[in-house]
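As structure tokens, the structure follows; a few thoughts come after it.
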2 protein chains.
Amino acid sequence: MTELSRFKADFFRALAHPLRIRIVDELRSGELTVQELGFRLGAEQSTVSRHLAVLRGRGILNARKEGQTVRYSAADATLFRLLDVARTMFNHQLSELQTTLADLKHGNSR
Amino acid sequence: MTELSRFKADFFRALAHPLRIRIVDELRSGELTVQELGFRLGAEQSTVSRHLAVLRGRGILNARKEGQTVRYSAADATLFRLLDVARTMFNHQLSELQTTLADLKHGNSR
DNA sequence: TCAATACTTGACAATATTGCCATATTCACA
DNA sequence: TGTGAATATGGCAATATTGTCAAGTATTGA
């Protein structure tokens, strides 16, 4: 169905930014405030807040207001499983690249 | 590391389009030509070709030239596992949404 | 060699994303 | 009430993505 593919595309688009990937990675160990994230990632407060809004908007992160601060966390631990599977894919790609390079080195190509 | 997060973001960006999601889904059952994909997805040939180029550029798809046609396939079956995990996340989200709606209906909110 | 078929790609306008500054907004506390 | 701290957001320029048309490449077969 087209509707579902749009949902999925929106979801992946939410992850399609280096800072947002790093935000999610930082949240593996639990909740963090906007400030803490900004400090750890060395990014402007307004920039971090914008990216958090994107992730929150897709239901990827939860925001919990506590006094003046807002604590963000992963809405679903499955997110980390997804990132782990992605890492597996990268490793496969890197392995293939290595093999290709080794083949080239030994003149085994073409 | 920042380098890896950029790689990951690029990867997810490659999947961040409805048509590309549908292309990958069509390839679950095996190789398809550009034409076949265009027909199944009801999209212009040049448009399909562009999106295939994006997926190929990220190493997500392989292209195999055979005579006049080019057959595309997933470079790594892990891709489908990734999409399945993503589907799991959507289901969780939908379940939560359903719960929220039910709660609203019964006046259990706030 | 010529024409047809399958695909790719340059060019370009339309649209979307991003980062940052300045300005809200919300809350705590004197 | 007034001040400061934490977060969110309007506005905007810079940049990236997208779809389409037209033109290009490559292959097949007459």
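Please read these numbers as outputs of a predicted model, since none were measured by experiment. Numbered from 1 within each chain, the chains take letters A, B, ... in sequence-line order.
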With side chain to side chain donor-acceptor pair (under 3.5 Å) as the test, pick out the partner of Y72(B) among E31(B), R56(B), E36(B).
R56(B)

For a 4.5 angstrom cut-off between non-hydrogen side-chain atoms, does L55(A) reach H51(A)?
no

Taking the side chain as C-beta and beyond, is there a heavy-atom pair between F39(A) and V48(A) under 4.5 Å?
no

Would you name the heavy atoms of D10(A) and R58(A) that are closest together and state the gap between them?
O-NE, 3.4 Å

Could you report the tightest heavy-atom contact between P18(B) and A9(A), atom names first, then the distance?
N-CB, 3.4 Å

Do [X] and [Y] sit in one hydrophobic cluster, given that two such residues count as connected whenever their side-chain heavy atoms are within less than 4.5 Å of each other, even indirectly?
{"X": "F7(A)", "Y": "I23(B)", "result": "no"}
{"X": "F80(A)", "Y": "L19(A)", "result": "yes"}
{"X": "V54(A)", "Y": "L52(A)", "result": "no"}

Base, sugar-phosphate alone, or nothing: which one does R20(B) contact when heavy atoms must sit under 4.0 Å apart?
sugar-phosphate

Which is true for S49(B) with a 4.0 Å heavy-atom rule: it touches a base, it touches only sugar-phosphate, or it touches nothing?
base

Going by the side-chain hydrogen bond (donor to acceptor under 3.5 Å, both in side chains) test, which pairs reach into residues 80-89 of chain A, not counting sequence neighbours?
R28(A)-D84(A)

Counting only N and O atoms by type, is there a donor-acceptor contact under 3.5 Å from the side chain of R20(A) to the main-chain atoms of R13(A)?
yes

Counting only N and O atoms by type, is there a donor-acceptor contact under 3.5 Å from the side chain of S49(B) to the main-chain atoms of Q45(B)?
no

Atom CZ of F39(B) and atom C1' of dC7(C): how far apart are they, to the nearest Å?
18 Å

Checking R50(B) now: which residues fulfil side chain to side chain donor-acceptor pair (under 3.5 Å) with it, not counting sequence neighbours?
none

Each nucleotide in nucleotides 21-30 of chain C should get exactly one letter: B, S or -. Can you fill that in based on protein heavy atoms under 4.0 Å?
BB---SBS--

For DNA chain C, the residues among residues 53-61 of chain A that have a non-hydrogen atom under 4.0 Å from it
none

Would you say the ring centroid of F90(B) lies under 6.0 angstrom from that of F11(A)?
yes

Counted 5' to 3', the first and last nucleotides of DNA chain D within 4.0 Å (strictly under) of a heavy-atom of chain A are dG4(D) to dG11(D)

For DNA chain D, which residues in residues 9-19 of chain A have a heavy atom at a distance below 4.0 Å?
none

Examine dT8(C): is either OP1 or OP2 under 4.0 Å from a nitrogen or oxygen in the side chain of Y72(B)? Give yes or no.
yes

